[in-house]
Enquirer: 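One structure is given below, represented as C-alpha cells, and several questions about it will come after.
Letters A, B, ... are given to chains in the order of the sequence lines, protein chains preceding strands, and every chain is numbered from 1.
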Amino acid sequence: MRLSRYFLPVLKETPSEAQIASHRLMLRAGMIKQQAAGIYSWLPLGYKVLKRIEQIVHEEQQRAGHIPLLMPTLQSADLWRESGRYDDYGEEMLRITDRHKRDLLYGPTNEEMITDIFRSHVNSYKDLPLTLYHIQWKFRDEIRPRFGVMRGREFLMKDGYNFDLTKEDALHAYNRHLVTYLRTYERMGLQAIPMRADSGPIGGENTHEFLVLAETGESEVFYDSEITDLTFGDRQIDYDSVEQCQAVLEEFTSRYARTDETHDEAVFAQVPETRRRTARGIEVGQIFYFGTKYSEPMGATVVGPDGARTPVHMGSHGIGVSRLAGAIIEANHDDKGIIWPEGVTPFHVGIVNLKQGDASVDSACEALYRELSAKGFDVLYDDRDERAGAKFATMDLIGLPWRITVGPRGLQNNKVELTSRRSGLSEEMSPADAMARLEKIYQPVFAAAK
RNA sequence: CGGAGCGUAGCGCAGCCUGGUAGCGCACCUGCUUCGGGAGCAGGGGGUCGGAGGUUCGAAUCCUCUCGCUCCGACCA
C-alpha cells in the first residue's frame with residue numbers, strides 16, 4: 001500500500017477521552033473512531049489488525065478440527081425463553097422489538113442458537129464429536145463501557161461450542177481448546193496464562209480464563225512465577241490424542257494461577273514465597289465445560305449405541321477478538337507508539353523514502369515495494385511528500401515492526417537501512433540483503449499459518 | 001444506578017464568574033524557502049458555541065429542560 005493513497009488519519013494530539021495506552025494509541029494511529037459509548041468504527045489500519053487476529057483464530061481452530069459457521073447477531077427471544085436465560089440475563093442484554101411486536105435481542109453469546117442448530121440436524125452419536133464455532137459481533141449493554149475496544153458494548157468474539165456423547169469426551173474437547181488457545185495467543189506475540197476462574201452466567205463446573213499480564217488489566221491475578229516461564233513453542237500436537245491434550249493442560253494449569261474470583265489465600269500460601277506474584281491481567285479468552293446445562297432443557301439429544309436418547313455434553317469457548325487488538329497494544333508499546341508483534345502487524349514492513357522526487361531514491365523504493373509485495377509481504381510505502389521526521393514519527397506511531405529507510409546518501413553505496421521498531425537498532429545493507437533478512441524474520445510467521 | 005465533570009472549527013483548548021453576535025495551537029489550502037526525527041515565513045478557508053425553551057435592547061456567557069460523552073464506584077468477553 002502506498003501511504004499517499006491510503007486512509008490513515010493519525011493524530012498528533014491525544015483525544016481527551018482516552019485514559020489508557022492502547023485506547024490512546026488506537027485513536028492516534030487512526031485505527032478506530034468512536035461512534036457512541038462503547039461502539040467503534042474500525043478504520044483501515046485497525047481493520048487490518050482485527051482481520052489478522054481473526055485469521056489466526058480461524059487457522060488455529062481449524063487446525064484442531066473445529067468447524068466454522070456464522071450465526072446472526074439478532075436472535076429470537078423465544079430461544080432464550082426456552083433456556084430460561086431471557087429473564088436471567090438482565091439489563092446487559094439489548095432487547096429489541098420488531099414491527100410485529102416480536103421480541104428479539106442482539107446476541108451477547110450464542111449457546112441457545114447453536115444448541116438449536118444442533119438439535120435440528122444431529123440425532124446420532126455417530127455424528128459426534130462435533131465442535132462448531134463462529135466469529136461474530138456481540139452486544140452487551142455494559143453499564144460503563146471504557147478503555148476503548150477493551151470494554152466496548154459491541155465487540156467481536158470468537159465463540160465455539162463442542163458437543164460430545166460423554167463427559168470424558170467433552171473434557172477432552174475442553175483440553176483441546178486449551179491447547180488451541182495457547183497456540184493462538186503465542187502466535188499473536190502474547191503470553192496468556194490460563195487461570196482458574198468463575199463460570200458466571202454461562203454456568204458450569206470447569207472453566208479457565210486466559211489472562212495477559214498488564215498493569216491496566218481489570219482483573220487482579222495471583223500466580224506462581226514459574227508459570228510465566230512456560231511456552232508452547234512449535235511443538236506438534238495430535239489434537240485427537242486425549243493423552244497429549246491432557247498433558248498440556250496439566251503442564252499449564254498445575255501451578256497456582258487464579259483470578260480474584262477464585263483466589264484462595266490458604267492454597268496460595270503453599271507456593272514458595274519468592275515465586276508468589278500478584279498482578280493485574282486482561283481477560284482475552286475463557287473456556288467452559290458445562291455438561292448438559294443447555295442440552296437438557298433444550299432437548300439437544302442423540303441416540304447412543306444402546307439405542308437410548310441422551311442429552312449431549314457441551315462446552316463453550318470464547319476469544320475476545322476485538323479486545324485482543326487493545327490487549328496486544330497494552331502489552332507492546334512505548335512512548336513513541338505501538339510495537340506490533342510480527343504475527344499481527346497490519347503491514348509487515350514499512351518503506352520510508354527520505355527524498356521523495358529524487359529519481360534514484362524513488363526507483364529504489366519502488367523496486368523494494370514491488371519485490372517485497374511479490375514475495376508475499378504486506379508493505380506500507382511512505383511515498384508522501386513529507387519530511388523525514390514526519391515519516392519516522394508516523395512509522396513509529398503505527399508500530400510496524402520493521403522499517404526500511406531509503407535515502408540518497410546510502411544509496412550511493414547501494415545501502416538502505418533496516419530498523420527494528422522494538423530495539424530501535426538500525427543496520428545498513430543492500431536492498432537485496434534487507435529483503436533476505438525480512439524473509440528470514442518472517443519465516444516463522446508465514447510457516448505458522450500453514 | 002450513586003458521585004463528579006465536560007460538550008465552542010477535524011483534533012487539543014481559551015472565552016463563560018463580571019452578557020455587547022468568537023479566539024489560540026495543531027491540522028487544512030496557496031506561495032516561497034527548507035528537507036535523516038512531527039520545518040520556517042507570508043497569505044487564506046472553515047465554527048454562531050450539543051439541542052429546545054426562557055430572561056434581556058442584546059446570550060457561547062444567566063435560568064429551565066433535554067440529548068450526548070468522560071471519569072470514580074458496584075458489574076463484565
Enquirer: Closest to the A/R146 side chain: B/G12, B/G73, B/G38?
Expert: B/G73

Enquirer: What is the pairing partner of B/C1, taking Watson-Crick or G-U wobble pairs with both distances under 3.5 Å in any strand?
Expert: B/G73

Enquirer: Distance between the P atoms of B/C69 and B/C63, in whole angstroms?
Expert: 24 Å

Enquirer: Taking the six-membered ring where the residue is Trp, are the ring centres of A/Y381 and A/Y6 under 6.0 Å apart?
Expert: no

Enquirer: Among B/A74, B/G38, B/G37, which nucleotide has an atom closest to any side-chain atom of A/F392?
Expert: B/G37

Enquirer: With a sphere of 6.0 Å drawn around CD of A/E215, does it hold more than 12 non-hydrogen atoms of other residues, nucleotides or ligands?
Expert: no

Enquirer: Find which nucleotide of RNA chain B each of A/A37 and A/R409 is nearest to by heavy atoms, and output the residue with the more 5' nucleotide.
Expert: A/R409

Enquirer: Any strand counts, and the cut-off is 3.5 Å on both contacts for Watson-Crick or G-U wobble. Which nucleotide pairs with B/C24?
Expert: B/G12

Enquirer: Using a distance-only test with no angle check, is there a side-chain donor-acceptor pair under 3.5 angstrom linking A/E60 and A/H58?
Expert: no

Enquirer: From C-beta outward on A/T405, which listed nucleotide comes closest to its side chain: B/C75, B/A77, B/G36?
Expert: B/G36

Enquirer: Using the P atom on both, measure B/G23 against B/A60 and round to a whole Å.
Expert: 13 Å

Enquirer: In the structure shown, which nucleotide is the Watson-Crick or G-U wobble counterpart of B/G36, with both distances under 3.5 Å?
Expert: none

Enquirer: Is A/E386 touching bases, backbone alone, or none of the nucleic acid, heavy atoms closer than 4.0 Å?
Expert: nothing

Enquirer: Check this one for me: any side-chain N or O of A/K12 less than 4.0 Å away from OP1 or OP2 of B/A27?
Expert: yes

Enquirer: With sugar-phosphate meaning primed atoms plus P, OP1 and OP2, does A/R403 contact a base, only sugar-phosphate, or nothing at under 4.0 Å between heavy atoms?
Expert: base

Enquirer: Would you mind classifying the nucleic acid contact of A/G326 as base, sugar-phosphate or nothing, using non-hydrogen atoms under 4.0 angstrom?
Expert: nothing

Enquirer: Regarding A/A388, tell me which of base, sugar-phosphate or nothing describes its non-hydrogen contacts under 4.0 Å with the strands shown.
Expert: sugar-phosphate

Enquirer: To the side chain of A/M157, which of B/A77, B/C71, B/G38 is closest?
Expert: B/A77

Enquirer: Using both distances under 3.5 Å as the test, list the Watson-Crick or G-U wobble partner of B/G31, or none.
Expert: B/C41

Enquirer: Which nucleotide, B/C75, B/U70, B/A77, lies nearest any side-chain atom of A/I143?
Expert: B/C75

Enquirer: How about A/F222 and A/H263: are their ring centroids closer than 6.0 Å?
Expert: yes

Enquirer: How far, in whole Å, is B/U33 from B/G19 if one measures between their C1' atoms?
Expert: 47 Å

Enquirer: Is A/R183 close enough and on-axis enough to A/F232, meaning under 6.0 Å and within 45°, for cation-pi?
Expert: no

Enquirer: Any cation-pi pair here, A/K48 with A/F347, using under 6.0 Å and within 45°?
Expert: yes

Enquirer: Distance check, C1' atoms only: B/C62 and B/G45, in whole angstrom units.
Expert: 34 Å

Enquirer: Would one find a side-chain N or O of A/R387 under 4.0 angstrom from OP1 or OP2 of B/A39?
Expert: yes

Enquirer: I'd like the P distance from B/G58 over to B/G53, given in whole Å.
Expert: 15 Å

Enquirer: Using a 4.0 Å heavy-atom cut-off across all strands, classify A/T394 as base, sugar-phosphate, or nothing.
Expert: base

Enquirer: Watson-Crick or G-U wobble partner for B/G68, using a 3.5 Å limit on both distances?
Expert: B/C6

Enquirer: Carefully, step by step, assess A/Y161 and A/Y133 under the rule ring-ring contact (aromatic ring centres under 6.0 Å, His included).
Expert: CA-CA 6 Å; A/Y161 307 88; A/Y133 78 94; 9.9 Å; no

Enquirer: Rounding to the closest angstrom, what is the interatomic distance between B/G40 and B/U34 at atom C1'?
Expert: 8 Å

Enquirer: Here's a test of your reading of the structure: between A/F155 and A/R28, which maps to the more 5' nucleotide of RNA chain B?
Expert: A/R28

Enquirer: Calculate the interatomic distance between A/K391 atom NZ and B/U34 atom P; express it in whole Å.
Expert: 18 Å

Enquirer: What distance, rounded to whole Å, do you find between the two P atoms, one in B/U21 and one in B/G3?
Expert: 39 Å

Enquirer: Watson-Crick or G-U wobble partner for B/A59, using a 3.5 Å limit on both distances?
Expert: none

Enquirer: Touch check for A/D159, heavy atoms < 4.0 angstrom, all strands: base, sugar-phosphate only, or nothing?
Expert: nothing

Enquirer: Quick one: the side chain of A/E417 and the base of B/G36, do they pair up donor-acceptor inside 3.5 Å?
Expert: yes

Enquirer: Over how many whole Å does the gap from A/L11 atom CG to B/C13 atom P extend?
Expert: 12 Å

Enquirer: Can you tell me the distance, in whole Å, between the CZ atom of A/R153 and the C1' atom of B/A77?
Expert: 16 Å

Enquirer: Does A/Q35 put a side-chain nitrogen or oxygen below 4.0 Å from OP1 or OP2 of B/C69?
Expert: no

Enquirer: Could you tell me how far B/C11 sits from B/G38 if I compare only their C1' atoms? Round to whole Å.
Expert: 15 Å

